[in-house]
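Beneath this line is the structure, given in structure tokens, with notes to follow.
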2 protein chains.
Amino acid sequence: MTDQDSGRRPKYQRIADELRTAIQSGAFAPGDRLPGENDLMTTYDVARMTARQALSVLRNEGLAEARKGAGVFVRTFRPLRRRGIPRLAQGHWGTGHSVWSADVEDRALVVDQIEVGETAATARVAEALGLPPDSPVCVRSRRFVLDGKPVLLSVSYLPATLTQGSPITTPDTGPGGTYARLTDLGHEPVHFREEIRCRMPTAAESSRLSLELGTPVILIARTAFTAKGAPVELNEMTLDSSSYVLEYDFDA
Amino acid sequence: MTDQDSGRRPKYQRIADELRTAIQSGAFAPGDRLPGENDLMTTYDVARMTARQALSVLRNEGLAEARKGAGVFVRTFRPLRRRGIPRLAQGHWGTGHSVWSADVEDRALVVDQIEVGETAATARVAEALGLPPDSPVCVRSRRFVLDGKPVLLSVSYLPATLTQGSPITTPDTGPGGTYARLTDLGHEPVHFREEIRCRMPTAAESSRLSLELGTPVILIARTAFTAKGAPVELNEMTLDSSSYVLEYDFDA
DNA sequence: CAGTGGTCTAGACCACGAT
DNA sequence: TCGTGGTCTAGACCACTGG
């Protein structure tokens, strides 16, 4: 260590800084290959682990992704748009445009890993549905895959007393889906509450969504209410944050 | 490597798995100290870097945080609740309860790092406000600190032609804030669009929000529209995801 | 097959925090 | 002061990808 020490910033962070700046300045475009471990070792005269650490910083920031045997590449962000309130989202609020561009949806959607069954409600689920603990609930679990890329995990909980004998307890709920069947049963959902949070994925989520390192997940917990204010469904969704932009339109 | 190899899972991931399971089973509660590098080295008979790598997995998952000189500890999650649509959020949708608990807000809020000025709109800002590129815009930048912990960065953009000479161009906008002043000027915002995404923080964001490793940020871009459908404000917010749950209520 | 990233070892020195 | 995590070196073998 003869020259450096200018500033107390660790070597691996200095290297990461330079690469990050280069990416953000456009010197490396999305999809471009970045200098690899060997490049950094010679360029900066550091050990292998130090070069690796620098690259791992960028990966954990979601800026780069490694492809084994190929190299390290700048990541892209081309999200889908999920409209939380379709009724209001269209219309004449058109002078200003969206902040983040999003792909149009004329792609191949596959629903996957469907599991339907009945279990005892966890404390959280019972609370959200206004049921006593351990009440029986209908559980519908699915995965959504868009153009071969998994983007969304969905688990829906409904009071089992409501869904007895209804198509809701079968994999195919029929035209209009679960909400149409609830309406048939006299429990039409008219009000919704969505709670949103964000965190790093568990190993299981990371695997089911094929997530890159440094990709958070968005959690949406949607509760559906009837006109009487009774909760009839809790839908817990797990989204690949690199695939989604959420949008909510509302009036003052 | 005499015994292992049972399963091709790398050592550091196996160690991380065991610790993760122990955390999720409650063997280690939030705030508890986890086995440190030296503990793992002797327990699993691995090299220092391997133990470090196992712990770094948990940190990047947001499950653990390291305190230099002290140890590695299980993280906590006690979020604030941000209601996107206050008018609807109250009321009679009360049978079902929130999925995630949230602290009540009787805490000390400080607004910080206030900067107000005028610049040329970036392409993204101009697009959102329906302005020609490089149009002059009023910029209001702030940081919100709750009980000493920074939780939110906010940057607001308004067409400079609207705000000329108004208190909006000063640090203190007066009672009712920016929206009240816009109303005074005959540009009352009546409709809002919020776009939400999520990603890992930049170094600057991480520093301004004092984020732990493994903590994503939530980005909210809110556009405010007048009754005529003209956008009058773009507010870009950056939230510490470990401090927030977002909530949206709406009707079918 | 050559090059890449993935994993792992066995050392070292440092800055920091608790005692 | 002593243990902790933070940084760094200089090697090694492996699995995978590409031409």
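Note on naming: letters A, B, ... go to the chains in the order of the sequence lines (proteins, then strands), and numbering restarts at 1 for each one.
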By side chain to side chain contact (heavy atoms under 4.5 Å, CB included), which residues pair with [X], not counting sequence neighbours?
X: Thr169(A); answer: Cys138(A), Thr163(A)
X: Glu118(B); answer: Pro136(B), Ala160(B)
X: Ser207(B); answer: none
X: Thr50(A); answer: Lys11(A), Tyr12(A), Val46(A), Ala47(A)

Just wondering, do Tyr248(B) and Ile196(B) contact through their side chains at under 4.5 Å, heavy atoms?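 In short, these two side chains touch, coming nearer than 4.5 Å.
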Does dT7(C) have OP1 or OP2 under 4.0 Å away from a side-chain N or O of Tyr12(B)?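 Result: yes.
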Compare side-chain N and O positions of Asn38(B) against OP1 and OP2 of dG3(D) and report whether any pair is under 4.0 Å apart.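 Answer is no, no contact under 4.0 Å.
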Run the ring pair (Phe, Tyr, Trp, His ring centres under 6.0 Å) test against Tyr157(A) and tell me which residues pass, sequence neighbours left out.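 In terms of ring pair (Phe, Tyr, Trp, His ring centres under 6.0 Å), with neighbours along the sequence ignored, Tyr157(A) is linked to no residue.
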For Phe192(A), ring pair (Phe, Tyr, Trp, His ring centres under 6.0 Å) partners two or more places apart: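 If we apply the ring pair (Phe, Tyr, Trp, His ring centres under 6.0 Å) test to Phe192(A), skipping adjacent residues, the hits are Tyr179(A), Phe250(B).
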Please name all residues satisfying side-chain hydrogen bond (donor to acceptor under 3.5 Å, both in side chains) with Glu37(A), sequence neighbours left out, ordered by chain then number.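 side-chain hydrogen bond (donor to acceptor under 3.5 Å, both in side chains) list for Glu37(A), sorted by chain: Arg48(A), Arg52(A).
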For Ser243(B), all residues meeting side-chain hydrogen bond (donor to acceptor under 3.5 Å, both in side chains), sequence neighbours excluded: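 Applying side-chain hydrogen bond (donor to acceptor under 3.5 Å, both in side chains) to Ser243(B) gives Asp240(B).
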What integer distance in Å separates [X]:[atom1] from [N]:[atom2]?
X: Gln13(A); N: dG6(D); atom1: CD; atom2: P; answer: 11 Å
X: Lys11(A); N: dC14(C); atom1: NZ; atom2: C1'; answer: 14 Å
X: Asp39(A); N: dG3(C); atom1: CG; atom2: P; answer: 12 Å
X: Met41(A); N: dG11(D); atom1: CE; atom2: P; answer: 10 Å
X: Glu37(A); N: dT7(C); atom1: CD; atom2: P; answer: 11 Å
X: Arg33(B); N: dG17(C); atom1: CZ; atom2: P; answer: 15 Å
X: Leu213(B); N: dG5(D); atom1: CG; atom2: P; answer: 15 Å
X: Glu212(A); N: dG5(C); atom1: CD; atom2: P; answer: 14 Å

Let's see if you get this right: which residues in residues 43-53 of chain B place a heavy atom under 4.0 Å from DNA chain D?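 Hits under 4.0 Å, by residue number: Arg48(B), Met49(B), Arg52(B).
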DNA chain D-proximal residues of residues 64-74 of chain A, any heavy atom under 4.0 Å: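 When residues 64-74 of chain A is checked for heavy atoms under 4.0 Å from DNA chain D, the hits, listed by number, are Lys68(A), Gly69(A).
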From dG6(D), dT7(D), dG6(C), nucleotide with atom closest to Arg59(A) side chain: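 Given the options dG6(D), dT7(D), dG6(C), the side chain of Arg59(A) is closest to dG6(C).
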Extract all donor-acceptor atom pairs below 3.5 Å that involve side chains of residues 68-77 of chain B and protein atoms in other chains or at least two apart in sequence.
unit_1: Arg75(B); atom_1: NH1; unit_2: Leu213(B); atom_2: O; d: 3.4
unit_1: Arg75(B); atom_1: NH1; unit_2: Thr215(B); atom_2: OG1; d: 2.9
unit_1: Arg75(B); atom_1: NH2; unit_2: Thr215(B); atom_2: OG1; d: 3.2

Bend angle of the helix from dC1(C)-dG18(D) to dA18(C)-dT1(D), from helix axes over five pairs at each end, nearest 10°: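 One end's axis against the other's: 10°.
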Testing Pro150(A), Ser241(A), Pro201(A) for side chain to side chain contact (heavy atoms under 4.5 Å, CB included) with Leu211(A), which one passes?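 One option only clears the test, and that one is Pro201(A).
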